[in-house]
Amino acid sequence: QVQLVESGGGLVQAGGSLRLSCAASGRTFSCYVMGWFRQAPGKEREFVEAIPANGGTIYYAESVKGRFTISRDNAKNTVYLQMNSLKPEDTGVYYCAARTSAVVTSTPDSYNYWGQGTQVTVSS
């Protein structure tokens with residue numbers, strides 16, 4: 001079993017930055033694909049970015065290209081999401097997720113473990 005705990009959300013003005021963190025329990029964190037997803041009110045959960053277990057090629061949604069960066073520190077069992085140039089449409093609850101397969105995907109249903117989420121609100 002893996003437990004994921006997100007932190008770092010908050011209220012920020014458009015153009016600002018936030019850094020989200022997701023701390024994972026367990027000794028097999030370094031084997032998992034890690035992803036960030038978000039969900040705005042009344043909308044489905046959507047893929048943001050994902051990083052393979054070895055920190056290789058990153059996958060991202062076009063909507064965050066050039067603004068958000070996922071990274072991981074396997075020694076600390078933590079994955080991060082650096083968010084720059086935030087826009088009001090980035091508002092939502094941000095979730096980190098772990099996938100036990102080595103294949104990176106953007107489909108929420110393919111992830112095995114989820115955190116409780118952290119709220120990000122971007123004001124205009």
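The two atoms that bring Ala102 and Val33 nearest to each other are O-CG2, 3.7 Å, heavy atoms only. Nearest heavy atom pair, residue Gly115 against residue Tyr95, reads O-CD2, 3.6 Å. Across Ala14 and Pro88, no two heavy atoms sit closer than the pair CB-CD, 4.1 Å. Across Asn84 and Ser17, no two heavy atoms sit closer than the pair OD1-OG, 2.9 Å.
Not counting sequence neighbours, Thr69 has no partner by the side-chain hydrogen bond (donor to acceptor under 3.5 Å, both in side chains) test. Not counting sequence neighbours, Asn54 has no partner by the side-chain hydrogen bond (donor to acceptor under 3.5 Å, both in side chains) test. With sequence neighbours left out, Ser106 forms a side-chain contact (heavy atoms from CB on, under 4.5 Å) with Phe47. When the ring pair (Phe, Tyr, Trp, His ring centres under 6.0 Å) test is applied to Tyr111, the partners found at least two apart in sequence or on another chain are Phe37. Not counting sequence neighbours, the partners of Ser110 by the side-chain hydrogen bond (donor to acceptor under 3.5 Å, both in side chains) test are Thr105. Among residues two or more places apart in sequence or in another chain, the side-chain contact (heavy atoms from CB on, under 4.5 Å) test is passed with Ser25 by Gln3. Residues forming a side-chain hydrogen bond (donor to acceptor under 3.5 Å, both in side chains) with Asn74 (at least two apart in sequence, or on another chain): Arg72.
Residue pairs that meet the disulfide (SG to SG under 2.5 Å) test with at least one member in residues 79-124, sequence neighbours left out, are Cys22-Cys96. Counting only residues at least two apart or on different chains, the salt bridge (charged side-chain N to carboxylate O under 4.0 Å, His left out) pairs with a member in residues 82-109 are Arg38-Asp90, Arg67-Asp90. Sorted by first and then second residue, the disulfide (SG to SG under 2.5 Å) pairs with a member in residues 35-67 form an empty list; sequence neighbours excluded.
Distance check, rounded to the nearest 0.5 Å: CD of Gln119 to OG1 of Thr91 gives 7.5 Å. Expressed to the nearest 0.5 Å, how far CD of Gln1 lies from CG of Asn112 amounts to 10.0 Å.
Residue Tyr94 belongs to a hydrophobic cluster whose other members are Val2, Leu4, Val12, Leu18, Leu20, Phe29, Tyr32, Met34, Trp36, Val48, Ile51, Ile58, Tyr60, Val64, Phe68, Ile70, Val79, Leu81, Met83, Leu86, Tyr113, Val120, Val122, with links defined by side-chain heavy atoms closer than 4.5 Å.
Distance alone, capped at 3.5 Å, places no donor-acceptor pair between the Gln116 side chain and the Val5 backbone.
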